Structures are given as C-alpha cells and as structure tokens.
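Values in this document were obtained by computation on a predicted structure and should not be read as measured data.
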Amino acid sequence: QSAETLGKTAGKDADANKPTYVSLLGLDAARAEALSLRQRADDALARSGLAADAVAPLRALADRIVHRDH
C-alpha cells in the first residue's frame with residue numbers, strides 16, 4: 001500500500017525488524033487469527049449483557065479492523 005494509505009512509510013515495520021502477525025504467521029494464518037479473535041470478541045459481547053446500541057459500535061470497530069484494506 002502507499003504511505004498515504006498506510007499512514008506510515010511502506011515497509012517501515014520490516015525495515016525495523018518489527019514482528020507482526022504477518023511476518024510471524026504468514027498472511028493466510030494472520031488473517032485466520034484475526035477472524036478468530038473477531039469471533040471471540042463477538043462472543044464476549046453477546047455474553048456481556050450490554051444493550052444492542054452499546055454493542056453495535058464495538059462490533060463495527062472490530063469489523064473495520066479485521067476487514068481493512070491495509
């Protein structure tokens with residue numbers, strides 16, 4: 001992705017030898033882990049007893065993080 005899209009220099013994490021889910025697990029496994037964590041969060045929200053209007057923004061945030069383009 002472009003630096004503008006990423007909000008930082010492309011390749012900055014790799015250049016800094018920063019461990020990321022993708023560098024540690026590979027792209028497919030990192031995506032699977034993100035989806036698994038998203039499902040765990042959704043399950044926790046369902047058990048929380050919070051009102052639907054309080055849960056909806058949290059679910060939307062989790063979806064945005066997991067399904068982002070970069």
Side-chain angles (χ1 to χ4, degrees):
Q1 296 286 337
S2 70
E4 183 177 307
T5 300
L6 294 172
K8 63 181 180 181
T9 305
K12 185 177 181 178
D13 290 344
D15 291 343
N17 203 26
K18 179 180 176 184
T20 64
Y21 277 102
V22 173
S23 68
L24 295 172
L25 303 176
L27 184 58
D28 290 340
R31 283 184 175 151
E33 181 68 10
L35 290 172
S36 174
L37 291 170
R38 168 63 183 88
Q39 185 61 53
R40 287 178 58 195
D42 193 49
D43 293 345
L45 287 170
R47 293 187 309 271
S48 72
L50 294 171
D53 61 337
V55 169
L58 297 171
R59 285 189 171 130
L61 178 60
D63 285 339
R64 183 174 178 177
I65 291 167
V66 171
H67 299 294
R68 66 187 186 158
D69 292 338
H70 60 283

Subject >> Residues forming a salt bridge (Lys or Arg N to Asp or Glu O under 4.0 Å) with Arg40, sequence neighbours excluded >> reply: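 With neighbours one apart ignored, the set is empty.
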
Original post:
For Glu33, which residues count as a side chain to side chain donor-acceptor pair (under 3.5 Å) partner, sequence neighbours excluded?
Top reply: none

Subject >> Contacts of Ser36 that satisfy side chain to side chain donor-acceptor pair (under 3.5 Å) - sequence neighbours left out >> reply: none

Original post:
Which pair of heavy atoms, one from Val55 and one from Leu50, lies closest together, and at what distance?
Top reply: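 The pair with the smallest heavy-atom distance is CG2-CB, 3.6 Å.
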
Subject >> Carboxylate-amine/guanidinium contact Arg38 Asp42, below 4.0 Å >> reply: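 Between Asp42 and Arg38 there is a salt bridge, with a charged N closer than 4.0 Å to a carboxylate O.
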
Original post:
Is it true that atom CG of Asn17 has more than 12 heavy atoms of other residues, nucleotides or ligands lying nearer than 6.0 Å?
Top reply: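 Counting neighbours around CG of Asn17, 12 or fewer heavy atoms of other residues, nucleotides or ligands fall under 6.0 Å, so no.
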
